[in-house]
Amino acid sequence: MRLTERVHAALSEKLQPGDFAVDATMGNGHDTLHLSKLIGPDGKVWAFDIQDAALERTRERLEQAHQVNASLICANHSELEKHLPRDALGVIKAVVFNLGYLPGQDKSITTEASSTLAAIQSAIRVLAQGGVLEILCYTGHSQGLEEWLALETWISNRLPESVTVSIMSPYDATRRPPVWLEIEKH
Ligand code: SAM
């Protein structure tokens, strides 16, 4: 099973109809759609991206699936707290980060270590107790490797006491494998 599928399986176990969730990196909208289906018409998804192309692709994907419970926001995910309504703060059940660039678009427009770290810290603040952050980091490209090294340093030195972290990465002797980080708030 690919890591993206494992993340979706973990989200399926965690989320219930009526929950609130955030997609911090909307991209082509696969994660937004998955979240949207899991939480159903009584739930709400807030999805972020800095590129209009991502919002267009995600809007189309949601429309085709007749999903109407997502707000698509063109903004940096480091500012996510500014864009969430007050009643969502502290009750978000899951936040997904699928780091990197938008496939088929300019690869130089990619997530960056400093804003990713700021966004992760912000996401932890808005999580409910028992809520999770699911983060996929692709270390095979230089920006992704830089992000992973920054994340590792942050986990080792500045991880808040309110969370626990699990890290999973498939062994691959031929290339740097992607890393899946799950951060749970307790
Ligand atoms: N989750 C997506 C999906 O299901 O198709 C894939 C995400 S793609 C690998 C990463 C996305 O993060 C790109 O669309 C990129 O534009 C976006 N991104 C990069 N920097 C960002 C930032 N600071 N805030 C929000 N989105 C950002």
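What you see below is based on every heavy atom in this structure, not just the backbone, and it leaves out hydrogens, waters and symmetry mates. Counting begins at 1 with the first residue of the sequence. Numbering of ligands and ligand atoms starts at 1, following listing order.
From the protein, the heavy atom lying nearest to atom 23 (N) of ligand 1 is N76 OD1, 3.1 Å. For atom 5 (O) of ligand 1, the closest non-hydrogen atom of the protein is N28 N, 2.9 Å.
When the heavy-atom distances from atom 21 (C) of ligand 1 to L33, V7, I50 are ranked, the shortest goes to I50. The residue among V96, D49, L99 with a heavy atom at the shortest distance from atom 13 (C) of ligand 1 is D49. The heavy atom nearest to atom 3 (C) of ligand 1, out of those in M26, E79, R61, H77, is found in M26.
Remark: ligand 1 and Y101 share no N or O pair separated by less than 3.5 Å (distance only, no angle test).
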Does the side-chain contact (heavy atoms from CB on, under 4.5 Å) test come out yes or no for T111 and H77, once each step is laid out?
CA-CA 10 Å; T111 53; H77 46 210; 3.9 Å; yes
Evaluation steps, side-chain contact (heavy atoms from CB on, under 4.5 Å), between H34 and S12:
CA-CA 9 Å; H34 185 63; S12 301; 3.4 Å; yes
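Set against the non-hydrogen atoms of Q51, the atoms of ligand 1 under 4.0 Å away are 15 (C), 16 (O). Atoms of ligand 1 found under 4.0 Å from any heavy atom of T25 (numbered from 1 in listed order, with element): 1 (N), 2 (C), 6 (C), 7 (C), 11 (C), 12 (O).
For the pair F48 and V22, the minimum side-chain heavy-atom distance is below 4.5 Å. Using a 4.5 Å heavy-atom threshold, the side chains of W180 and I135 count as separate.
Residue contact check for ligand 1: A24 places a non-hydrogen atom closer than 4.0 Å to it.
A side-chain N or O of E147 and one of T116 form a donor-acceptor pair less than 3.5 Å apart.
Rounded to the nearest 0.5 angstrom, L84 CG and F20 CZ are separated by 10.0 Å.
Checked for salt-bridge contact, K14 and E184 meet the test: a charged N lies under 4.0 Å from a carboxylate O.
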